[in-house]
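The structure under discussion appears below in the form of structure tokens.
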Amino acid sequence: VQLQASGGGLVQAGGSLRLSCAASGGTFSRYQLGWFRQAPGKEREFVAAVSWNGVTTYYADSVKGRFTISRDNAKNAVYLQMNSLKPEDTAVYYCAAGASMVAVTTTPSTWGQGTLVTVSS
């Protein structure tokens with residue numbers, strides 16, 4: 001499966017953004033999906049993951065209560081709704097896919113290209 005992320009941009013602190021990731025070339029509903037981010041000068045870190053049927057979700061503590069991951073298997077898409085954004089959320093955000101929830105939260109098998117989110121104070 002190939003992944004293509006979009007929706008990044010510049011937003012003020014406290015604002016919201018919705019990232020989208022479109023998938024192609026595979027059986028989308030078989031995959032667990034996730035979002036990672038990489039801030040300047042820092043390592044890539046896990047943000048959120050959703051199971052193949054959308055029932056199970058995991059979040060990093062830093063985004064819990066502010067971000068929501070969801071997926072639409074009919075549209076081959078996964079989303080990240082980001083609310084109450086903070087300057088420390090500034091990063092390049094990547095969507096990812098894995099065969100299991102353990103895999104997608106640690107070592108995804110497939111990565112999309114990143115989309116830049118900049119939160120101004």
Side-chain angles (χ1 to χ4, degrees):
V1 64
Q2 291 80 47
L3 304 172
Q4 178 87 20
S6 62
L10 175 64
V11 63
Q12 288 188 332
S16 298
L17 274 178
R18 189 194 194 207
L19 304 184
S20 299
C21 180
S24 61
T27 306
F28 180 77
S29 61
R30 289 184 179 179
Y31 292 93
Q32 330 303 319
L33 300 169
W35 290 93
F36 285 70
R37 67 185 181 185
Q38 187 167 18
K42 296 187 177 181
E43 293 187 354
R44 192 174 299 187
E45 64 176 2
F46 167 75
V47 174
V50 61
S51 61
W52 68 273
N53 57 2
V55 171
T56 301
T57 56
Y58 292 137
Y59 296 94
D61 288 344
S62 58
V63 306
K64 205 171 293 183
R66 300 188 298 121
F67 290 11
T68 302
I69 188 171
S70 61
R71 65 188 293 165
D72 185 337
N73 287 344
K75 295 183 178 179
N76 284 2
V78 59
Y79 309 100
L80 187 68
Q81 178 67 43
M82 306 185 294
N83 298 329
S84 302
L85 282 161
K86 305 175 182 180
E88 51 264 43
D89 294 317
T90 294
V92 177
Y93 284 72
Y94 300 87
C95 53
S100 68
M101 290 298 278
V102 171
V104 78
T105 58
T106 57
T107 53
S109 57
T110 303
W111 293 93
Q113 97 297 347
T115 185
L116 177 62
V117 172
T118 304
V119 184
S120 64
S121 57

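Here the shortest heavy-atom pairing between Ala91 and Leu116 reads O-CD1, 3.6 Å. Thr105 and Ala49 make their closest contact through CG2-CB, 3.7 Å (heavy atoms, listed as atom of the first residue, atom of the second, distance). Contact between Pro87 and Ser121 at its shortest, heavy atoms only, is CG-CB, 3.8 Å. Nearest approach of Leu3 to Cys95, heavy atoms of both residues: CB-SG, 3.7 Å. In this structure, Val1 and Ala23 approach most closely via the heavy-atom pair CG2-CB, 3.7 Å. Of all non-hydrogen atoms in Trp52 and Ser29, the two that sit nearest each other are CB-O, 3.1 Å.
In the hydrophobic cluster analysis, where Ile, Leu, Val, Met, Phe, Trp and Tyr join through side-chain heavy atoms closer than 4.5 angstrom, Tyr31 is grouped apart from Met101. Linking Ile, Leu, Val, Met, Phe, Trp and Tyr whenever their side-chain heavy atoms come within less than 4.5 Å leaves Val78 and Val92 in two separate clusters. In the hydrophobic cluster analysis, where Ile, Leu, Val, Met, Phe, Trp and Tyr join through side-chain heavy atoms closer than 4.5 angstrom, Tyr94 is grouped apart from Leu80. Taking hydrophobic clusters as Ile, Leu, Val, Met, Phe, Trp and Tyr residues chained together by side-chain heavy-atom distances below 4.5 Å, Val63 shares a cluster with Val11. A continuous path of Ile, Leu, Val, Met, Phe, Trp and Tyr side chains, each step under 4.5 Å between heavy atoms, connects Val117 with Val47, placing both in one hydrophobic cluster.
Residues meeting the side-chain hydrogen bond (donor to acceptor under 3.5 Å, both in side chains) test with Glu45, sequence neighbours left out: Arg37.
Here the CG atom belonging to Leu33 is positioned 9.5 Å from the CG atom belonging to Asn76, to the nearest 0.5 angstrom. One distance of note links CZ of Arg18 with CG of Asn83; it measures 11.5 Å at 0.5 Å rounding.
Between Val104 and Tyr58, every side-chain heavy-atom pair lies at or beyond the 4.5 Å cut-off. Counting heavy atoms from C-beta on, the side chains of Leu17 and Phe67 never come closer than 4.5 Å. Contact annotation: the side chain of Pro108 approaches that of Phe36 to within less than 4.5 Å [non-hydrogen atoms, C-beta and beyond].
Contacts classified as salt bridge (Lys or Arg N to Asp or Glu O under 4.0 Å) and involving residues 66-76 (residues at least two apart or in different chains) are given here: Arg66-Asp89.
Here the side chain of Asn73 pairs no donor or acceptor atom with the backbone of Asn53 at under 3.5 angstrom. Side-chain atoms of Gln4 do not come within 3.5 Å of backbone N or O of Gly112 as any donor-acceptor pair. Looking only at distances, no side-chain donor or acceptor of Thr115 sits under 3.5 Å from a matching main-chain atom of Tyr93. In this structure a side-chain-to-backbone donor-acceptor pair under 3.5 Å is present from Tyr59 to Ile69.
The environment of NZ in Lys42 is sparse: at most 12 heavy-atom neighbours from other residues, nucleotides or ligands sit within 6.0 Å.
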Handout entry: Residues Trp35, Met82; criterion side chain to side chain contact (heavy atoms under 4.5 Å, CB included); working and verdict
Key = CA-CA 12 Å; Trp35 290 93; Met82 306 185 294; over 6 Å; no
